[in-house]
Amino acid sequence: MSNWFECKVRYEKTMENGMQKKVTEPYLVDALSFTEAEARIIKEMIPFISGEFTVSDIKRAKYAELFENPDGDKWYKCKVLFITIDEKSAAEKKTASNMLVQAPDIQTALTNLTEGMKGTMADYEVASITETTIMDIYHYVAEEPEFNRTSPVNSDDQKINMM
């Protein structure tokens with residue numbers, strides 16, 4: 001399961017009219033801790049931002065699921081209510097869960113959410129869909145471990161004297 005952090009990056013952006021403007025943009029990063037989230041967002045932003053930038057805020061973001069669509073340029077937060085029946089009282093219970101859907105518009109976001117939820121066995125209803133300001137999402141990618149040995153161990157180097 002992913003552990004998402006919303007990181008806000010503040011930098012000077014060149015506007016269409018050529019003027020410089022300070023902007024703060026949110027990004028979603030999959031990381032294990034706040035420290036790792038900050039390091040990852042800095043690493044991801046360096047190629048895209050010329051000049052100085054700061055990570056102005058980091059907070060946990062609780063998303064149960066992400067539905068990506070390469071045709072979409074916006075991210076929509078979908079509040080989904082899972083419906084269960086309490087066995088003792090026979091009352092309907094609704095449990096909220098937030099999901100993030102990538103789509104070009106709100107109607108496509110609903111379609112993508114419905115498509116992504118097709119295999120779900122539980123009953124659910126969509127309570128709300130709202131457009132977010134999230135610019136991009138960075139998934140966790142495991143890096144290859146580096147083995148740095150100064151002297152390789154050879155089986156001939158380790159001789160056992162048996163007497």
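The basis for the numbers below is simple: all heavy atoms, side chains too, and nothing from hydrogens, waters or symmetry mates. Values in this document were obtained by computation on a predicted structure and should not be read as measured data.
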field: Candidate pair L100 and W4, rule side chain to side chain contact (heavy atoms under 4.5 Å, CB included), full reasoning
entry: CA-CA 11 Å; L100 209 56; W4 296 105; over 6 Å; no
query: For the residue pair N112 and Q102, what are the closest heavy atoms and their distance?
result: ND2-O, 3.0 Å
task: Could you check I41, D57, I42, L28 and say which one makes a side-chain contact (heavy atoms from CB on, under 4.5 Å) with C7?
output: I41
message: Under the criterion side chain to side chain contact (heavy atoms under 4.5 Å, CB included), I'd like the reasoning laid out for R60 against F34: C-alpha separation, chi angles, the key distance, then a yes or no.
response: CA-CA 8 Å; R60 287 191 189 275; F34 285 90; 4.0 Å; yes
pair L81-V126: side-chain heavy atoms closer than 4.5 Å: no
Candidate pair K8 and V55, rule side chain to side chain contact (heavy atoms under 4.5 Å, CB included), full reasoning: CA-CA 6 Å; K8 291 190 177 178; V55 180; over 6 Å; no
query: Would a 4.5 Å heavy-atom cut-off, applied to side chains only, mark E6 and I58 as touching?
result: no
- line: Value for CD (E12) from NZ (K22), rounded to nearest 0.5 Å, stands at 5.0 Å
- prompt: At what distance, to the nearest 0.5 angstrom, does OG1 of T35 lie from CZ of R40?
  reply: 13.5 Å
query: In Å and rounded to the nearest 0.5 Å, what is the CZ to NZ distance from F82 to K93?
result: 13.5 Å
- prompt: Under 3.5 Å, side chain of D30 to main-chain N/O of N3, donor-acceptor pair present?
  reply: yes
- request: Indicate, with yes or no, if L32 and Y138 share a hydrophobic cluster defined by side-chain heavy-atom contacts under 4.5 Å among Ile, Leu, Val, Met, Phe, Trp and Tyr.
  value: no
- prompt: Taking NZ, NE, NH1 and NH2 as the nitrogens, is one of them in K94 or E125 under 4.0 Å from a carboxylate oxygen of the other?
  reply: yes
query: Is the backbone of W75 close enough, under 3.5 Å, to the side chain of T132 for a donor and an acceptor to pair up by distance?
result: yes
- request: Heavy atoms only: give me the nearest K79-A96 pair and the separation to one decimal.
  value: CE-CB, 3.8 Å
query: Distance-only, no hydrogens or angles: does the T108 side chain make a donor-acceptor pair with backbone N or O of P104 under 3.5 Å?
result: no
task: Consider only side-chain heavy atoms of I, L, V, M, F, W and Y, link residues closer than 4.5 Å, and tell whether I134 and V101 are in one cluster.
output: no
task: Report yes or no: does E115 contribute a side-chain atom to a donor-acceptor pair with the main-chain N or O of T111 at less than 3.5 Å?
output: no
message: Please determine whether side chain to side chain donor-acceptor pair (under 3.5 Å) holds for the pair E25 and Y11, giving the CA-CA distance in whole Å, both sets of side-chain angles, and the decisive distance to 0.1 Å.
response: CA-CA 9 Å; E25 296 178 339; Y11 67 99; 2.9 Å; yes
- request: First locate atom CD of E68, then atom NE2 of H139, and finally report the distance between them rounded to the nearest 0.5 Å.
  value: 3.5 Å
- prompt: Does a donor on one side chain sit under 3.5 Å from an acceptor on the other, for R10 and T54?
  reply: no
field: Step-by-step side chain to side chain contact (heavy atoms under 4.5 Å, CB included) determination, F53 to M45
entry: CA-CA 9 Å; F53 66 91; M45 291 292 101; 3.8 Å; yes
field: Hphob cluster co-occupancy, Y76 + L66, side-chain heavy atoms under 4.5 angstrom
entry: no
message: How long is the straight-line distance from OH of Y124 back to OG1 of T95, given to the nearest 0.5 Å?
response: 15.5 Å
Between NZ on residue K62 and CE on residue M99, distance to nearest 0.5 Å: 15.0 Å
- prompt: Applying the 4.5 Å side-chain criterion to the ILVMFWY set and letting contacts propagate, would L110 and F67 be lumped into a single cluster?
  reply: yes
Salt bridge flag under 4.0 Å for residues E131 and K77: no
message: For residues M117 and I129: do they belong to one hydrophobic cluster (side chain heavy atoms under 4.5 Å, members Ile, Leu, Val, Met, Phe, Trp, Tyr)?
response: yes
